[in-house]
Amino acid sequence: MATATPAGAGSPHGGDAAPPGPPEEQELSRRLTPLPRSWSPKDKYNYIGLSQGNLRVHYKGHGKNHKDAASVRATHPIPAACGIYYFEVKIVTQCLGMCGWQLGWDKHSYGYHGDDGHSFCSSGTGQPYGPTFTTGDVIGCCVNLINNTCFYTKNGHSLGKFVFLPSQSNLYPTVGLQTPGEIVDANFGQQPFVFDIEDYMREWRAKIQSTIKRFPIGDRLGEWQAMLQNMVSSYLVHHGYCSTATAFARVTDTTIQEEQTSIKNRQRIQKLVLAGRVGEAIEATQQLYPGLLEHNPNLLFMLKCRQFVEMVNGTDSEVRCFSARSPRSQDSYPGSPSLSPRHGSSNSHLHSTGADSPTCSNGVMSTKSKQSHSKYPTLSSSSSSSSSSSPSSVNYSESNSTDSTKSQQHSSTSNQETREYYDALFLGTKLSHYTDAFGSHDSEMEMEAEHYPNGVLENSSTRIMNGTYKHEEILQTDESSMEDSCPQRQLCGGNHAATERMIQFGRELQILSEQLCREYGKNTMHKKMLQDAFSLLAYSDPWNCPVGQQLDPIQREPVCAALNSAILESQNLPKQPPLMLALGQASECLRLMARVGLGSCSFARVDDYLH
Amino acid sequence: MLLYLLQQETSSTELRTECAVVLGSLAMGTENNVKSLLDCHIIPALLQGLLSPDLKFIEACLRCLRTIFISPVTPEDLLYTDATVISHLMALLSRSRYTQEYICQIFSHCCKGPDHQTILFNHGAVQNIAHLLVSTSYKVRMQALKCFSVLAFENPQVSMTLVNVSVDGELLPQIFVKMLQRDKPIEMQLTSAKCLTSMCRAGAIRTDDPCIVLKTLPCLVRMCSKDRLLEERVEGAETLAYLIETDVELQRMASITDHLIVMLADYFKYPSSVSAITDIKRLDHDLKHAHELRQAAFKLYASLGANDEDIRKKIIETENMMDRIVNGLSESSIKVRLAAVRCLHSLSRSVQQLRTSFQDHAVWKPLMKVLQNAPNEILVVASSTLCNLLLEFSPSKEPILESGAIELLCSLTQSENLALRVNGIWALMNMAFQAEQKIKSDILRGLSTEQLFQLLSDSDVNVLMKTLGLLRNLLSTRPHIDHIMSTHGKQIMQAVTLILEGEHNIEVKEQTLCILANIADGTTAKELIMTNDDILQKIKYYMSHSNAKLQLAAMFCISNLIWNEEEGSQERQDKLRDMGVVDILHKLSQSSDPNLCDKAKTALQQYLA
């Protein structure tokens, strides 16, 4: 049972409740800050014997005087970042002498002794604390690292807290025995606790969340609101949600820094990338932003690699033109973009013209957005507008969105949403863990070292935007049904000419790589990227091979984000929207808190505020 | 004018609604506003308005009614003048979340005492309100919860019903436990703890149920902590005192939880010296709650120390505890005095404390003071405490006697109040135990024979038992027996005869026979029995009674009468043999009861010698 992670990962102490975070996050936090989960066979006196998975402690000394007292401590210290830590010990057989236990080791140690009920604090003289305890009693110890207090429990009853001094040295769960035959069993969360620690944690979670909620913002009239609006607006602009941004600006009476056309251009390029038509995207970029890609050879190389992957996929225009199949049917298969949160789930909207699919205009009417409409109205609009890749449809959507009532509705909802986002700035999360988790198995992202926080946040934010897991499940069922309709996925859409073009392109890519190598020196990331891309050809079914996940449309997103940032940078605009920056700062702040041992960070999670 | 408009059926509902809203705003003002509204008979007018079909209008009327009823100047009884009102309100509960909130609030403010509880209960309050506990609106949930806390308070009928009610497949106790969770608002935690407490005291939930032991009790202890508001601390302590009052296990658990005993000592630190200097507003606030805090702490200490000697010791060892109690006994507030006496009473059950700290702090002095001219409720507890202080091992006994306790106690025995009569005679009984002759005479004189007989014919068996106990204590050691019997012999023998002939339970008869045995132990007093054939026949009768206790008591009499070494024993033995006592003794010596058997054998030996 994955329980003893107690407060650290915010997972339950009780044992049977479901862990709140994604499993990889828990796994990760466990690795970074291991929690004490058993007694250490190394850090113990000789008189101490361990058994039952290093949870049972028995005394095998003489027990004649105080010098014969022996103790054992846990394998790890209590990590400060866990916020609240709790463990219990059951007295299995009669203890006559000092049947105490301590936190820590000699100096800075705290203990509660069973023979007299006294508590000890860094010294040999105890003070009256609680009742005595004996066979059958379950004694618990709770350390609260948020306010530096500690309390013991007896048979599920809290005996009263006391303050301890935050010490330099780590605190270890410890138990000491002195009588022959004495046995105690520890419970580090492997079993349900007698004391209701879950309830105690609930109280602290509520406390910290209300502190956050009531955090004074020192508002000078209107400034706050203006800032929030700015954040929303810049976010919309950054991602090229042009019509929404304009509508928002109109309603909130703000101005947009970037020119309309510039936004539209970026939007167009992004849509091309996300639709897998990377070749066209490169062309458009070269045309609209001459010199940009020339100055960014790394970016260009990444784009080209992606283009190659899309050729394999059969989505890139260079191979698509060979395809005998109708665009529509072809569109429906390539890698089912529904998986990508940025895309609409209804693939049929891809590549369709505005006239063909008037519904894609603002997305509010598309099937997918209907699903999410109640919760994320603005986002659904953006997702479907980005899924329509042809310029004409973009135009259409803009004209449509000038409809005032609709845009009113939009801006108000989006405003609301930003509030939520905004709250998030001061809150915290384990978002970092998330990102780590992504990073660990995503080579493309690792390559993008300097963009790391960006890519990561993109990922998590889009995930959030598109709503709950449940929602994703819905989308996935869509996807599977879609796949059923076109069972045979073939290399380059199964077209010979296309395949040849692809191989040709691969050679060009190889040459580009070599050229870059000569000019800028060896680049292992490039090499890896190229290798991965080419590996696709080594399998008969690239979609179901070890490197097949490259074909997943979700992998277009980091490329798209990198390109977008590069364009913005070239226009002297921030390469990241302030909203994302703030979110990143909040997460980083929490990470820092955890590092310096501020326990409250474990109860503040950015995720809690991003619905 | 507004009222007139409100009542006009002809005015439009919009207008009438506005009227109700304005009246509601007026009621929000000072108490005088409410008073004048009441004088204009606003309540019947608003109740009339509830019959309207328009929901908005009903809500406005209810809001106004709510504001008026929660005012302290409004008599609650106004709600119950017309029986149809309650059932109509119950019906309106389903209309909207506002009607739910206001009606629940009206009920919880107007439900005072068992009569009101019964009325609401009989109108189906439990069923109608239960489902509101899971309402989506916090206000509705909270008001419904408050309703239950007042409905169930000290009401076994309601409490027993609540345990079995379920909402959405969940039993009410489970719902209450969820409301106890530590992240819920304090108000909600406290109120649901009160509900569970009432249910536990009514016997609807066992005292060892985890929801009491691991949820309710710890929650209430938390309510006593320094972090809580003064009001919450008062309510928390009072509720906890009630919860653990009669259960020693709960008392033990509470005593070790979160250093409760030490925590309660803080209740006496208001107004604190800091607040006096820094903040007038705070001082005012502290002063207002100071009495309440002190009495709540005393009550809780009283409950904590009710049964367990170790807990009592811990309480008394708390800083300045005895001084605080002594001070509390002379406070102007009756509530504090009463609570202080209760606390003292609880602690006075400890033999060790009676001998030590009670003596060191001369607790008897303020206690005797409390007993002068105090209201009955204080007198009951104070006299009960006095009983303990008069126990023979108590060093306070002497000074109490000297300060005129006999007179006071004798007057208590004439009280209308049963508890006071019992305590009075009980204290006298304790006083007479192994007392010197003078005290005994003083008691007899103070009580007067008439009063003694009055008490012996008291309808309450407790009074009778304690009076007999007093007689028995008076009639001990030979010189005292002879002395008293020489002065009051006739009356006492009459009384004994009367009781032995009357319809009384075994304990009373046994006690009476013991008195006879004591009389038989006297030197001259013996003759009073020997010359009374009626009594002798009765003793003989009880020797063969079916109850062993009575047989044994009768044997004591016989054995005292025939004891050899005393003057005239031969004649007494003869007389009794003639009565056939010896035959009975022989029979009893074969008894299977070892006590009876032994006693009979010893008696027979007296004949042999």
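We name chains A, B, ... by the order of the sequence lines, and we start the count at 1 in each one. The model shown is predicted, which means the values in this text are computed figures rather than measured ones.
- Contact of A:Asp199 with chain B is made through backbone and side chain together, with heavy-atom distances under 4.5 Å.
- Looking at A:Phe151, there are no atoms closer than 4.5 Å to chain B (heavy atoms on both sides), in backbone or side chain.
- Taking CG of A:Asn155 as the reference point, atom CD1 of B:Ile256 lies at 7.5 Å (rounded to 0.5 Å).
- Looking only at heavy-atom pairs under 4.5 Å with chain B, the residue among A:Gly160, A:Pro128, A:Pro131 that has the most is A:Gly160.
- Residue B:Lys184 places its NZ atom among more than 12 non-hydrogen atoms of other residues, nucleotides or ligands, all under 6.0 Å distant.
- Of all the listed residues (A:Lys154, A:Lys161, A:Arg202), the one sharing the greatest number of non-hydrogen pairs under 4.5 Å with chain B is A:Arg202.
- Separating the CG atom in B:Asp183 from the CE atom in A:Met201 is a distance of 11.5 Å, to the nearest 0.5 Å.
- Side chain of B:His259 to backbone of A:Tyr129: a donor-acceptor contact under 3.5 angstrom is found.
- From A:Arg205, atom CZ reaches atom CZ of B:Arg182 across 13.0 Å, with rounding to the nearest 0.5 Å.
- In this structure, no portion of B:Val262 lies under 4.5 Å from any heavy atom of chain A.
- Of the two parts of B:Leu260, neither the backbone nor the side chain holds a non-hydrogen atom closer than 4.5 Å to a non-hydrogen atom of chain A.
- If you measure heavy-atom distances from B:Lys215 to chain A, the contacts under 4.5 Å come from the side chain alone.
- More than 12 non-hydrogen atoms from other residues, nucleotides or ligands lie less than 6.0 angstrom from NZ of A:Lys207.
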